[in-house]
Amino acid sequence: MHRSVAGLLWVMAAVMFVGALQADSIKGWFLAGSQPQDYEMGVEDLGDGKGKAAYLHSKQGASAGGFGTVMQNVSPERYRGQRVRLSGLLKSNDVKGWAGFWLRIDGKDARQPLAFDNMVDRGVRGTTEWQRYSIVLDVAEESRNIAFGFLLAGSGQLWADELDFEIVDESVPLTGIQQGAGASDEPGNLGFEGDR
Amino acid sequence: MLMRYGWLLVTMFLLVTAAADAEKVLSTGTKVWFKAGSAPEQYEVVWNEEEDEGEPMVHLRSIDPDSAPGFGTVMRNLAADHLRGERVRLSGEVKAEQVDNWAGLWLRVDRRDGRRPHGFDNMHDRPIRGTTGWSHHEVIVDVAEDAESLAMGFLLNGAGRLSVRNLQLEVVGQNFPVTGRGNGTGQPAEPMNLSFDGK
């Protein structure tokens with residue numbers, strides 16, 4: 001994981017911020033990404049006893065270089081100064097690029113998130129059964145927004161269910177990139193301590 | 001406009017109390033305020049019908065007292081220049097008469113390129129309804145670093161009459177929580193519908 005990859009991460013984080021399109025097919029969530037028009041989202045019951053799950057599918061002819069995401073924003077008010085964990089189940093079918101949950105803590109500058117993880121280092125690929133994944137980030141005092149969701153880069157089918165967004169204690173290790181630790185522009189913690 | 005605002009900033013530096021930082025945004029009167037909304041033709045605006053210790057007052061009324069589709073608003077714009085990165089509060093006193101549907105103060109932060117606003121609250125989650133005496137209301141939003149301008153005002157959706165006075169815009173500290181359910185990016189207090197069962 002080098003500087004260029006980290007750069008790409010920030011670009012993706014920025015794109016997620018500005019590329020948002022309104023859609024209302026899942027209450028509380030909207031479709032966004034670099035190529036949201038290449039993806040469709042919705043809710044379906046897979047008949048596996050889990051009840052309704054969200055899906056994010058690439059459409060025919062989706063460009064391999066883009067990604068779609070189902071996301072929401074939350075006020076950081078209740079989470080400032082805390083460590084939070086986003087976790088949930090993902091299931092995939094024939095994911096040609098990669099897929100994952102993502103969590104971003106925004107500060108004053110929308111182009112420079114305070115913390116970010118999109119599981120790019122441990123993404124879901126190919127066909128997988130339901131499995132729990134998690135992302136752990138600190139919500140800095142200067143946070144202005146918390147954004148999170150699940151993304152699908154390239155073509156494939158992704159399902160998500162049973163998400164949890166909770167405050168955890170400091171004993172739970174961080175994942176992803178955090179700003180401010182040593183003020184280095186080289187991300188020092190690219191999150192190889194994930195739960196896989 | 002810029003000259004006026006420069007004067008305001010000087011005042012802000014000279015005066016110590018938070019209250020003194022407030023700009024009395026209604027005092028510019030009909031010069032900068034205008035009527036807008038989804039159905040402005042259904043509403044009329046009357047200025048200064050009653051003077052209250054020299055404070056301007058404005059009334060927004062549905063023309064047909066029984067029905068008014070859409071909403072009308074009295075609004076103005078303000079350059080975001082000196083407010084970027086700040087948390088601002090629009091507050092004022094509002095008197096409602098037979099407001100059928102809802103009314104509220106609103107404040108929106110617009111970005112340079114017309115993308116979705118960064119900050120927005122129109123009191124939709126805590127609307128003014130029915131008939132009320134003079135009561136204080138406020139909306140608090142953050143002004144993003146890439147904000148271009150602020151738009152603000154008060155709106156009336158449906159039949160009724162609204163009177164507004166002592167509208168003030170001021171910078172407040174981070175200890176004042178932003179108001180409203182959303183800030184334009186759709187920012188609820190807690191994540192929702194995490195199991196996709198619609199709750």
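In what follows, every chain begins at residue 1, and chains take the letters A, B, ... in the order their sequences are listed.
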Q. Near B/Lys35 NZ, under 6.0 Å, is it more than 12 heavy atoms from other residues, nucleotides or ligands?
A. yes
Q) Side chain, backbone, both or neither: which part of A/Tyr55 has an atom under 4.5 Å from a heavy atom of chain B? A) neither
Q.
Quick check: closest heavy atoms across A/Arg144 and B/Gly85, and the distance to 0.1 Å?
A. NH2-O, 3.5 Å
Q) Is it true that A/Phe67 and A/Trp159 fall in one hydrophobic cluster, defined by side-chain heavy atoms closer than 4.5 Å? A) no
Q. If you measure from CE on B/Met192 to CD1 on A/Ile26, what distance do you get to the nearest 0.5 Å?
A. 11.5 Å
Q) Is it true that a side-chain atom of A/Trp29 and a backbone atom of B/Phe196 form a donor plus acceptor pair closer than 3.5 Å? A) no
Q) Are any side-chain N or O atoms of A/Gln72 and backbone N or O atoms of B/Pro191, one a donor and one an acceptor, separated by less than 3.5 Å? A) no
Q: Report the hydrophobic cluster partners of B/Ile63, with the cluster defined as I, L, V, M, F, W, Y residues connected by side-chain heavy atoms closer than 4.5 angstrom, directly or transitively.
A: none
Q: Assess whether atom NZ of A/Lys96 is packed by more than 12 heavy atoms of other residues, nucleotides or ligands within 6.0 Å.
A: no
Q: Please answer: with hydrophobic residues joined when any side-chain heavy atoms are less than 4.5 Å apart, are B/Trp47 and B/Phe154 in the same cluster?
A: yes
Q: With a 4.5 angstrom heavy-atom cut-off, could you sort out which part of A/Ala54 is near chain B: side chain, backbone, both or neither?
A: both
Q | Hydrophobic cluster identity match, A/Ile167 and A/Val74, side-chain contacts under 4.5 Å | A | yes
Q) Looking at A/Leu89, A/Leu86, A/Asp45, A/Asp161, which has the largest count of heavy-atom pairs under 4.5 Å with chain B? A) A/Asp161
Q: Please examine the side chains of A/Glu77 and B/Pro177, heavy atoms only from C-beta on, and report whether any two atoms are closer than 4.5 Å.
A: yes
